[in-house]
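One structure is given here, and the rest of the page talks about it.
Computed from heavy atoms alone, side chains included, the values below leave out hydrogens, waters and symmetry copies. The sequence lines fix the lettering, A, B, ..., with proteins before strands; numbering per chain opens at 1.
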2 protein chains.
Amino acid sequence: MDNIDLLTIENQLCFPLYVCSKEIIKKYKPYLDKLGLTYTQYITMMVLWEEKEINVKSLGDKLYLDSGTLTPLLKKLENKQYIKRNKSSKDERKLIISITPKGEELKILAKDIPTSIGKCLNLTKKESVDLYKILYKILNKIN
Amino acid sequence: MDNIDLLTIENQLCFPLYVCSKEIIKKYKPYLDKLGLTYTQYITMMVLWEEKEINVKSLGDKLYLDSGTLTPLLKKLENKQYIKRNKSSKDERKLIISITPKGEELKILAKDIPTSIGKCLNLTKKESVDLYKILYKILNKIN
DNA sequence: TCATTTTTAATTGTATACAATTGAATTATA
DNA sequence: TATAATTCAATTGTATACAATTAAAAATGA
């Protein structure tokens with residue numbers, strides 16, 4: 001096939017990836033609204049449910065986001081009292097993000113979200129595993 | 001596994017989808033910069049390379065974007081003289097987007113982009129096909 | 001026909017994303 | 001150790017995204 005014929009929407013791989021990402025994130029909305037979180041805030045809380053404490057740079061490395069996105073987002077989570085923001089005493093450049101008890105409680109309220117989203121994707125076990133592997137293969141290659 | 005244990009980044013499918021989408025779009029940037037396009041503007045031009053003429057609603061249906069995103073984006077593409085925006089005479093509610101000769105020329109300059117991006121994803125033929133099928137299965141189910 | 005409903009694009013407001021820059025703090029090195 | 005280079009979070013500016021609303025035009029139906 002001539003290269004120029006590849007320039008159609010239906011021949012793209014990135015386009016359905018981009019659309020799936022957005023459309024799935026929309027499916028989270030009714031569940032996340034109940035918790036007062038956006039999707040980006042939700043994945044941020046997910047890191048904190050595991051780590052309890054992390055600085056902005058490390059958080060950004062995990063989430064593939066930079067301080068330009070995280071700084072205002074973390075201020076919003078602090079306003080909602082789900083996290084605290086404190087300068088590290090060891091390294092004054094670092095801002096330590098830590099989870100609050102109110103932030104911990106959120107996890108219980110969120111516990112059924114992955115299952116609910118999983119159902120509306122309607123994938124077989126094999127498809128889920130294949131998709132997961134391919135996505136992480138791309139991620140490992142791309143950076 | 002208990003539902004609550006699913007609330008980790010590594011157990012998510014949407015998260016790597018969302019990250020892959022963003023990271024691949026970043027890979028387009030050096031190529032698209034040469035054309036003066038963003039990724040969203042690029043997929044918009046891709047529709048116009050096929051359709052020549054389309055109204056905002058139909059364009060939005062194809063791209064999964066609404067007028068809130070498309071209206072300002074289309075005004076930028078018009079400023080760059082890649083498209084024209086004209087009210088339909090048959091139905092005054094509709095705005096017809098049409099491609100200009102300068103917009104057509106862009107396609108030639110863009111012709112090697114899909115191949116270049118394909119290389120940096122480094123997927124086997126089977127992986128590409130599997131990924132494509134799974135993504136469209138999700139898209140068909142989700143709407 | 002004529003009021004009601006629907007469709008369409010634009011607008012408004014909020015929330016990302018990210019490139020580039022800034023300034024403070026730390027680390028590396030001559 | 002004094003200077004240069006690096007790291008980190010914040011800021012600035014641009015470009016999406018999308019929910020909700022608005023206003024004009026077209027379609028519907030009593």
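- Computed from coordinates, the K57(A) NZ to dC8(D) P distance equals 5 Å when rounded to whole Å.
- Nearest nucleotide to the side chain of K94(B), out of dC18(D), dC8(D), dT8(C): dT8(C).
- Distance NZ (K90(B)) to C1' (dA24(D)): 20 Å, rounded to an integer number of Å.
- Residues from residues 64-82 of chain A with heavy atoms under 4.0 angstrom of DNA chain C, sorted by number: Y64(A), L65(A), D66(A), G68(A), T69(A), L73(A), K76(A).
- Closest approach of L70(A) to T44(A), counting heavy atoms only: CD2-OG1, 4.4 Å.
- For the OP1/OP2 pair of dA9(D) and a distance below 4.0 Å, the side-chain nitrogens and oxygens of N55(A) include at least one atom meeting the criterion.
- Between R85(A) atom CZ and dC8(D) atom P there is a gap of 17 Å when expressed in whole angstrom units.
- With salt bridges taken as basic N to acidic carboxylate O contacts below 4.0 Å, none links K102(A) and E105(A).
- Judged by distance alone, with hydrogens and angles left aside, the side-chain atoms of S21(A) form no donor-acceptor pair with the main-chain N or O of L17(A) at under 3.5 Å.
- Between the NZ atom of K29(B) and the C1' atom of dA17(C) there is a distance of 12 Å, given to the nearest Å.
- Applying the side-chain contact (heavy atoms from CB on, under 4.5 Å) criterion to K84(B), with sequence neighbours excluded, gives N86(B), S98(B), T100(B).
- Distances were taken from every side-chain heavy atom of K22(A) (C-beta onward) to each of dA15(C), dC18(D), dA25(C); the shortest belongs to dC18(D).
- Ranked by how close their nearest DNA chain D nucleotide is to the 5' end, K26(A) and S58(A) are led by S58(A).
- Ring to ring, Y42(B) and Y31(B) are not that close: their centroids are 6.0 angstrom or more apart.
- If you run ring-ring contact (aromatic ring centres under 6.0 Å, His included) between Y18(A) and each of Y64(B), Y39(B), Y18(B), only Y39(B) comes through.
- I54(A) has its CD1 atom 14 Å from the C1' atom of dA9(D), to the nearest Å.
- One can place CG of L59(A) at 15 Å from C1' of dA10(D), the figure rounded to the nearest angstrom.
- Proximity note for T40(A) (side chain, C-beta onward) versus dT26(C), dA17(C), dA10(D): the nearest is dA17(C).
- Distance Y28(B) OH to dC18(C) P: 16 Å, rounded to the nearest Å.
- For the pair I43(A) CD1 and dA15(C) P, the interatomic distance rounds to 16 Å; values are reported in whole Å.
- Distances shorter than 4.0 Å separate some side-chain N or O of Y18(A) from OP1 or OP2 on dA17(D).
- Residues R93(A) and Y39(A) each lie close to DNA chain C; by heavy-atom proximity, the contact nearer the 5' end of the strand is made by Y39(A).
- Remark: E23(B) engages K26(B) in a salt bridge, criterion side-chain N to carboxylate O under 4.0 Å.
- Here dT16(D) is the nucleotide among dT16(D), dT16(C), dA25(C) with the atom lying nearest to any side-chain atom of T38(B).
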